[in-house]
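Side-chain atoms are counted along with the backbone in the values below, which use heavy atoms only and exclude waters and symmetry mates. To find a chain, count down the sequence lines: A is the first, B the second, and so on, and within it residues start at 1.
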Amino acid sequence: MPKIELPKAYDAKGVEDAIYQKWEESGFFNPDNLVDAKEPFVISMPPPNVTGILHLGHAFENSLMDAEIRYQRMKGKKAMIVPGTDHAAVATQARVEDNLRKEGIANPRQDLGREELLKRIREYADNSKSVILSQIKKMGTSCDWSRLAYTFDDKRSEAVNELFKMMYEDELIYRGYRVINWSVKGQSTCSDDELVYIDQPVKIYTFKYSKDFPIPIATTRPETKLGDTAVAVNPSDNRYKQYIGQKFVVDVGAKAPLTITIIADDGVDINYGTGAVGVTPAHSPVDFEMYQKNKEIGIIPVIGKDGKMTENAGANYQGLDVLVAREKFVAWLRENNLLIKEEDSTHNVGTSDRFGDVVEALPMDQWFIDVNKKIKNKGRSLKELMKEAVTMGHNGDANKVITITPERFHTIYLHWIDNLRDWCISRQIWWGHRIPIWYCDDCKEVFYSDTNSGHCNKCQSKNIRQDEDTLDTWFSSGAWTFSTLGWPEETPDLLTYHPTNWMQMGYEILFFWMARMILMTTYALDDIPFKDVYIHGMLRDKNGKKFSKSLGNGLDPLEIIEKYGTDALRLSLLRGTTPGNDMRFYEEKVEGARNFVNKLWNISRFIIQSSDNPRIVSVAPEAKTLADKWILNKFNSVINLSTQEMDKYNFSGAIEYLYDFTWSDFADWYLEIAKVEGNKEEILFYILQNILKLWHPFIPFVTESIWQTLGAGKLLMVEKWPVGVQSQDQSSVNDLEVVKEIIGSIRNLRSENKIEPAKKVSVVAIAGNKMKLLTEQAEIIKKLARLEKFTVLADSEKPANSVGTVAGGVQLYLELAGLIDVEAEKKRIEKEIVEAEKYIKGLEAKLGNKEFLDNAPEEIIIKEKEKLEIYIERVKKLKDQRSSLI
RNA sequence: GGACAUUUAGCUCAGUUGGUUAGAGCGUUCGAUUCACAUUCGAAAGGUCACAGGUUCAACUCCUGUAAUGUCCACCA
């Protein structure tokens, strides 16, 4: 067979696309084609939002998922990533509306109308969807494209309707009048989780409603006081308790004089502020709760959906922006000597994460999911189901426990559930699943229907209309793990591949998404959505800043791929990262990873090009020399160790073991030794083919590319993961480590004595009990340490004109014809002696300690004794060398 | 206000259930174009493991406290 010529450097750009195509065409991304595999292993891809193109965070997630799925595929599982995208309701509509405004369409909803705006959004979504899918392919992610899904496609919409129906019929979904978060800019509600809190300077005003009013109150939002209906005080507050139950009529300039009832509430802090709270039920969630306990106080909304004061606020205020109204009201208080105090402070205000404006608290009819109500036939609430799945297991079944890595998020999750309030699921936007509820204008019937039946269920009137609102995007993504597998039908996919096995996500969507998936799945399928959750951190730039558009510090994954290759990007994202912790990312990391990929390429290139018969050697060849035994031993441990790390989802750990073995043990040592000893093709090909397998999950392209060059007809992607055999002869490892140490020491001596690398020098070794070892390995030592002559003696005088050291229990003398700086040498040896003696002293103290001997395990004591012996011997030899210097 | 995390070499980070003279990559210094690779090779310097206590024969590792940084949650008028 002719020798194969390979380029000097790995050309990622030139091979990646073709390799991906080959994988895809093989059909093995689809687990149904993995005929030998039995047990499924499924990952639902967190669907990227169709709001734009993928960023580095997505690249990171793809690297994680694909590393895991390729590992599982090679382990013989029916491995599958179900890919998809998310229509991302509010986020997408907000993005498109923004774009339209930039194009000069000031009010997209009014100007274009529902149909036209939806058309524009759909175009935008379709476009970014196709870009996203091509990017995922570029990352090398081995998704089953035959199962591609979209949260807004027909099949997923069917699941959404079915879920809604179930929950509606179970009376878990209800329509209620509540204070919700309202984005004036987006003209829509936001759930509590969609708020981003920012610190804002505010003024705190302390005032009285009227001269005669007995209790002063404080507020940061004076304009809302036009809608106050009560003052709450602590029932044990001696200053105020005599007023509880009394009503005061005050005129603050609103449409009608306000009737303020003094109510008791344990939540009021006597020592904070004035010890009394002005209650504005319509514009504060907390006050609204008080109102629900004391309905008689009434509720007066004074701010409208447009963010302006309403008629209730009175003629002086109606139509004013809240900030203008605030100033006006404060001015009025001042004029009437009602203002007691003005203080500067800061306050956290909630802003809409999508629209960006400060949200207004408004009372409105909205759709909610009741998380506390006991579910029919289940006897537990959704909240309880959400807890159960991560504690005792769903239905108490220990096989249905979701584990979370790292563990600390477990507590955070549970704590979050405790504070969970009913989930507001309706949004006043158009892009999303329309709420499948219909109203009859004649008989007032409200009924569920997933299609337009054309008539009222009850009175048959044709005068019906569908609810205008759409569903929160998380309603559909909560169903993702099972809606993608065919639910509500009981498809073979659903039976085979659900629950899924592994889910990775950033901690920032832990509550949004994980919690909702658990809610939906335990409720609708009576099962868990996935078994293990892996929480990853966020990528930051070199300075620890978040990547963001506004900072302009973003890195485009495609550009990095273009420059360094996909493998380099993937490796740089996974190397040195641990679950749950943020990581910094910058180009030098990719550069390092690219260098490794190239190293692997050149290792292969060397092995392949020096052979007449490049091939795959599957059976471990027999070890002929000490170095062979050593590398095979090392190799077995690297298989075992990296497999262990993979099983713990510790990708970084696995990579470290592989990296060290590949670059240091295999390339720097074994390949160099192979050049000396020769005739090692079998072992080289054997180890090469296996490290290609071990590396494949992380750097699939380069490994597959080399694999194909080795003349394998099959794809590396579906090769079996190597199994380590327990290594037998540990002494070979130790012996070769001695040889390495000796070579290292000689190199060190050369370097310290400034001997040019090209210059050949001679070394005498006084080997003692290492006689046999050193004689046998003399050739290796000679070549790797670049020696003219390497003489091994059992015992001898120190050669003249030489500098010495002790390594691996052997005295080494490097002959230097008359160039020795005796003083410097003495100093160097003296330093080594001092260090060794210090260490010996510590060991002796330890071994002389009765308590240590009594308490420490036997093996530790033996180990310490061995160390002591070695170091005593070392000092003896060093002293010999020192005395012979004079 | 509450909770959690982080703090290890100049930088970015590993460090498995307590037993290593605490590791890697980058960077730095010195040296090398040796026929797989300069996207390389050899050598070296560099750390009171944030601080203070404690538990233990033994602490980077466990406990308590302090400090700095970061994140999340809750928000009060």
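Among the protein residues, A:V286 comes within range of the sugar-phosphate backbone only, with heavy atoms under 4.0 Å from sugar or phosphate atoms but none that close to a base. Heavy atoms of A:T578 sit under 4.0 angstrom from primed sugar atoms or phosphate atoms, though from no base atom. Contact annotation for A:E587: no contact, since no heavy-atom pair falls under 4.0 Å across all strands. A:P406 comes within 4.0 angstrom of no nucleic acid atom, judged by non-hydrogen atoms across all strands. Across all strands, A:F409 comes closer than 4.0 Å to no nucleic acid atom at all (heavy-atom distances). Using a 4.0 Å heavy-atom criterion, one finds that A:A667 contacts the bases of the nucleic acid, with or without backbone contacts as well. As judged by a 4.0 angstrom heavy-atom cut-off over every strand, A:D287 is placed among residues making no nucleic acid contact. Within the 4.0 angstrom heavy-atom criterion, base atoms lie near A:D269. Residue A:I860 is in base contact, counting any heavy-atom pair closer than 4.0 Å across all strands shown. A:G592 comes within 4.0 angstrom of nothing in the nucleic acid, heavy atoms only. In this structure, A:K838 reaches neither bases nor backbone, as no heavy-atom distance under 4.0 Å exists between it and the strands shown. A:K850 comes within 4.0 angstrom of nothing in the nucleic acid, heavy atoms only. When heavy atoms are screened at a 4.0 angstrom cut-off, A:N849 is found touching the sugar-phosphate backbone but no base atom. Among the heavy atoms of the strands, none lies under 4.0 Å from A:T274.
The two residues A:L749 and A:R828 have their closest heavy-atom pair at CD2-NH2, 3.5 Å.
Annotation: cation-pi geometry satisfied between A:R575 and A:Y659 (NZ/CZ under 6.0 angstrom from ring centroid, within 45° of ring axis). Judged by a 6.0 Å distance limit and a 45° cone about the ring axis, A:K208 is not positioned over the six-membered ring of A:F213. Cation-pi geometry between A:K675 and A:F606 is met: under 6.0 angstrom from the ring centre, within 45 degrees of the axis. Under the 6.0 Å distance and 45° angle rule, A:R747 counts as a cation-pi partner of A:W669.
Nucleotide B:C49: unpaired (no Watson-Crick or G-U wobble partner with both distances less than 3.5 Å). A 3.5 Å limit on both hydrogen-bonding distances identifies B:A67 as the Watson-Crick or G-U partner of B:U7. With a cut-off of 3.5 Å on both Watson-Crick or G-U wobble distances, the partner of B:A36 is given as none. The partner of B:G19 is B:C57, by the rule that a Watson-Crick or G-U pair needs both atom distances under 3.5 Å. Under the Watson-Crick or G-U wobble criterion, with both distances below 3.5 Å, B:C41 is paired with B:G31. Base pairing analysis places B:A74 opposite nothing; no Watson-Crick or G-U wobble pair with both distances below 3.5 Å involves it.
A sub-4.0 Å separation between OP1 or OP2 of B:C41 and a side-chain N or O of A:W663 is present. Side-chain nitrogen and oxygen atoms of A:R575 include none within less than 4.0 Å of the OP1 or OP2 phosphate oxygen of B:G25. In terms of phosphate contacts, A:N748 brings a side-chain nitrogen or oxygen within less than 4.0 Å of OP1 or OP2 of B:A44. Distances shown here put a side-chain N or O of A:H347 below 4.0 Å from the OP1 or OP2 atom of B:A77. Between A:K867 and the phosphate of B:G19, there is no side-chain N or O to OP1/OP2 separation shorter than 4.0 Å.
Between A:K782 and A:E788 no salt bridge is recorded (no basic side-chain N to carboxylate O distance below 4.0 Å). Here A:E588 pairs with A:K542 in a salt bridge; the nearest charged N to carboxylate O distance falls below 4.0 Å.
Distances were taken from every side-chain heavy atom of A:R786 (C-beta onward) to each of B:G42, B:C37, B:U34; the shortest belongs to B:U34. Closest to the A:N855 side chain, of the nucleotides B:G19, B:G25, B:C57, is B:C57. With B:A77, B:A36, B:G42 as the choices, the nucleotide that has an atom nearest any side-chain atom of A:V277 turns out to be B:A77. Closest contact between the side chain of A:R408 and the listed nucleotides B:U16, B:C75, B:A5 involves B:A5. With distances taken from any side-chain atom of A:V268 to the nucleotides B:U12, B:A77, B:C73, the minimum falls on B:A77. Comparing B:C57, B:A77, B:A24 against the side chain of A:E656 picks out B:A24 as the nearest. For A:Y507, the listed nucleotide lying nearest its side chain is B:U71; candidates were B:U71, B:C73, B:G42. Taking every side-chain heavy atom of A:N598 into account, B:U39 is the closest of B:U39, B:A14, B:G19.
Taking only distance into account, the side chain of A:R594 meets the base of B:U39 through a donor-acceptor pair shorter than 3.5 Å. Put simply, the side chain of A:K754 and the base of B:A43 share no donor and acceptor less than 3.5 Å apart. Not a single donor-acceptor contact under 3.5 angstrom links the side-chain atoms of A:E864 to the base of B:A58. Contact annotation: side chain of A:K8 to base of B:C37, donor-acceptor pair absent below 3.5 Å.
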Practice prompt. Please assess A:L56 against A:I560 for the test side-chain contact (heavy atoms from CB on, under 4.5 Å), listing each intermediate value before the final yes or no.
Written response: CA-CA 10 Å; A:L56 269 178; A:I560 295 173; 4.2 Å; yes
Practice prompt. Begin with the C-alpha distance, continue with both residues' side-chain angles, and end with the deciding distance and a verdict on side-chain contact (heavy atoms from CB on, under 4.5 Å) for A:M583 and A:F60.
Written response: CA-CA 11 Å; A:M583 73 225 75; A:F60 177 43; 3.6 Å; yes
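Rounded to whole Å, atom C1' of B:C35 lies 9 Å from atom NZ of A:K675. In this structure, NE2 of A:H283 is placed 15 Å from P of B:C76, rounded to the nearest angstrom. As a whole-Å value, the separation of A:E588 CD from B:U28 P is 11 Å. Taking atom CD1 of A:I535 as the reference point, atom C1' of B:C72 lies 13 Å away to the nearest angstrom. At whole-Å resolution of the value, CD1 in A:I412 and C1' in B:C72 are 7 Å apart. The distance from atom CG of A:L420 to atom C1' of B:A74 is 14 Å, rounded to the nearest whole Å.
Rounded to whole Å, the P atom of B:A68 lies 23 Å from the corresponding atom of B:C62. Taking atom P on both nucleotides, B:A50 is separated from B:A22 by 15 Å, rounded to a whole Å.
A residue-by-residue look at A:D192 and A:G267 shows that A:D192 has its nearest nucleotide of RNA chain B further toward the 5' end.
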